Each structure stands twice: as structure tokens, then as C-alpha cells.
Amino acid sequence: MNNRKQRFSFCIILFMMAILGIGFAANTARAAASVEKWGRLSVKGANIVNQKGKKIQLKGVSTHGIAWFPQYVNQSCFKSFKKMGVNTIRIAFYSDPASGYTTELYGKIEEGVKHATDLGMYVILDWHILNDGNPKIHQKEALKFFTRFAKKYRKQKNILYEICNEPNGDVTWERDIRPYANKVINRIRKYDKKNIIIVGTPTWSQDVDVVAEKPLKQKNIAYSLHFYAATHQDWNQDKFRQAYRRGLPMLVTEFNICDASGNGRMDKGSADKWMKLLRKYKIGHVAWNISNKNETSALIKPNCKKTGGFSKGNLSPSGKWIAKWWKK
Ligand code: IDC
């Protein structure tokens, strides 16, 4: 009798351990879902595809400038976005010293890549030109930056390099961006032969139609298209359609539903059109920005002081609106 009881308890314990084990395995599998499932991405025609050649749609969030908001570069923060359906983290590293550029932040970038990698997420390393509108201004620093990180991450499947956020001002594709891109791409390819490289387009990454007339020759290159829905409307969507028709691979590495200042009113009507268009063509999108700054484009509410473990309730109105699209 006693023996029977003991055997029974032993079975119960085994059963509980099995349940725990399955739960744990499921959890870790879920935690690594996107990179594990899709593998290394590449460009095919006008789309980004997974390791099996199937079109996929990246859904991402971008940090704010990491010099200003380094506190959000942590695993708990990235994990909470992952739980909401995000599979990509963009790390925005401003290239202009007035916006915080310093090589001392390399460690922070590496930290961010590690957290995203541990979570099975893709990471975009963003060389964030903005006030320095011509990428040639800091070309030397860009070459150093991409040499370092292409050497370091060449074997990782989850890396994308974005080599010039938003060219603007007196800058043209032919004279400035194209020669810069050729130099930086050749440098990255010395080390990393495969991961996707994203190239910024003229006029704050809007003129994809111009680039589509004479794209670069290298493989696995995509081009950025940015939109802030209250400013960039139908005319910008026409540029997208024209470029897509010509076969230009694009990724929306930055967008929000407010105006181009990153603040101001939300235009949900325009944003809805954009999101439907991107879904239709399977074009990935990355929302600007992970911070609680008092501006419309900040995804976290200004009064939320946490730096991780976010739930939907911690999101700002723009964040909440965008989060619906991470689940679709
Ligand atoms: C904005 C930030 C804002 C910051 C400003 C200057 O939201 O807090 O003060 O940059 O650095 C972009 C840029 C991106 C901008 C964003 C909103 O890539 O850096 O961030 N935006 O203006 N292009 C279009 C809009």
C-alpha cells in the first residue's frame, strides 16, 4: 500500500516536471521565434524574403538617439515590444557630434545587439545622419563604424546595416549618396558578404522614385522610405508605388503617425492608408521612437518612468495606434 502511494507520488512529480519542461521549451522557442523561423534575410526582387525565399514583413521599433535615451537599451524593454508583436529593433546612432556622436557609445550598441540577439530579434544598425545631411560629411567615421561592426557581426544572421538615415539639403543621389553608398557597401562586404544593407534616399528618405531609376548594382541592398503620416501623404505613396513597380526593394526604417517634426497632430486617416499599402506589398516598417519624451512620436507615455517591462497601458496614443499593426 505504502509502496503504491510512493509510486503514485513519484509519477505525479515526474508528470509535473514534464509539464514544466514543456512550458520552458515553449517559452524559449517563442522568445526566439522570428530569427529562428526566418533565418538570414535577403532581397529578392522588390521584397525582403526569409531563408526559404518567402516574402516577410518586418515589424520594428527604433530607439531614439542612444546618446539621449540610453536607458531604453535593455533586454526587458526589447522583450516587452517583442511580446506586442515586434520582431526588429533599430538602434539609432546619430553621426553628428552635436547630436551625441561619440565612439564611447559603441559599447551601448553592442549591448543592444546582444539583447536583441538573445531575444531572437533582428537588429538594424542605423548610422543616423540628420543635421549632417550629406553622408559624405562623416564618411570617414562611417567607414570606421561599419568596419568595426561588419567584422564583429559578419556571422550573425539577424543584422541589417543602415548606412545613412536621411540624406537632406543640397544632396543628390548621383553626386553624393551613390558614391558614398558604394564605398561603405564595399567596405562592409569585405567582411560581411550576406546581411542586408539599407541605403537612405534623397529628401529625408522620401525620393525612392529617383533612386529606382538608377539603383546600385550590388546584391542584398534595400532602400529606405520614411514617412510621418501627417506630413507625408498620397504624393509620397505614389513615389512608393512607382519605385515598387520598377522593382526597388524598400524598407520603412522610420515612420510615425504624427508630423515630420516628430510632434504635432496624429493623422490616423493617412496612417491607415500607409499601413494598408505596406501590408499589401509586404514592406517592413519600424516605428520611431522608444522614449517617453514629451512628443507625439514617443511610443511611451511621458508620465511612465519605467525603462522596461512595458504593457500596452504604458504606450502613448501614437504607440497604441501603431501597436495594433504589430498583431495584424
Ligand atoms: C527627432 C526626435 C526629436 C529630436 C530631433 C532632433 O523625435 O526628439 O529632438 O529628432 O534630433 C526624422 C529623423 C529623426 C527625428 C524624427 C522626428 O530621422 O531623427 O527625430 N524624424 O523629427 N526624420 C523625419 C522625422
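From a predicted model like this one, the values you see are computed outputs, not experimental measurements. Order of appearance sets the numbers: ligands from 1, and atoms from 1 within every ligand. Heads up: numbering here begins at 1 and tracks the sequence.
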Inset, instruction - For atom 10 (O) of ligand 1, grab the closest protein heavy atom and report residue, atom and distance to one decimal in Å. - result: Y94 OH, 3.4 Å
Inset, instruction - Decide whether an N or O pair under 3.5 Å exists between E254 and ligand 1. - result: yes
Inset, instruction - Just jot down the ligand 1 atoms closer than 4.0 angstrom to any heavy atom of S261, in number order. - result: 17 (C), 22 (O)
Legend entry - N or O contact, A260 vs ligand 1, cut-off under 3.5 Å: yes
Inset, instruction - Consider every N or O of N165 and every N or O of ligand 1, then say whether any pair is closer than 3.5 Å. - result: yes
Legend entry - Basic-acidic side-chain contact under 4.0 Å: K273, D234: yes
Legend entry - Electrostatic pair R265-D267, nearest N-O below 4.0 angstrom: yes
Inset, instruction - Drop me the distance from D132's CG to D96's CG, to the nearest 0.5 angstrom. - result: 4.5 Å
Inset, instruction - Determine whether the side chain, the backbone, both or neither of H226 has a heavy atom under 4.0 Å from any heavy atom of ligand 1. - result: neither
Inset, instruction - Look at ligand 1 and say whether S99 reaches it with a heavy atom at a distance under 4.0 Å. - result: no
Legend entry - Distance-minimising heavy-atom pair for I91 and V113: CD1-N, 3.9 Å
Inset, instruction - Could you list which atoms of ligand 1 come closer than 4.0 Å to a heavy atom of G262? - result: 17 (C), 22 (O)
Legend entry - Sub-4.0 Å heavy-atom approach of Y228 to ligand 1: yes
Inset, instruction - Measure W68 to ligand 1 on non-hydrogen atoms and call it side chain, backbone, both or neither using the 4.0 Å cut-off. - result: side chain
Inset, instruction - Name the closest protein heavy atom to atom 2 (C) of ligand 1, giving the residue it belongs to and the distance to 0.1 Å. - result: H64 NE2, 3.5 Å
Inset, instruction - Please determine if K79 and D118 form a salt bridge, counting it only when a charged side-chain N lies under 4.0 Å from a carboxylate O. - result: no
Legend entry - Salt-bridge present (D209, K239; N to O < 4.0 Å): yes
Inset, instruction - Go through ligand 1 atom by atom and flag the ones less than 4.0 Å from a non-hydrogen atom of H128. - result: 13 (C), 14 (C), 18 (O), 19 (O)
Legend entry - Under 4.0 Å to a heavy atom of K293 - the qualifying atoms of ligand 1, by number: 3 (C), 4 (C), 8 (O), 9 (O)
Inset, instruction - Work out which heavy atom in F146 is nearest to a heavy atom in I163; give both atom names and the distance. - result: CZ-CA, 3.7 Å
Inset, instruction - Salt-bridge test for E111 and K108: reply yes if a basic N is under 4.0 Å from a carboxylate O, no otherwise. - result: yes
Legend entry - Heavy atom of the protein closest to atom 3 (C) of ligand 1 (residue, atom name, distance): E295 OE1, 3.4 Å
Legend entry - Basic-acidic side-chain contact under 4.0 Å: K157, E36: no
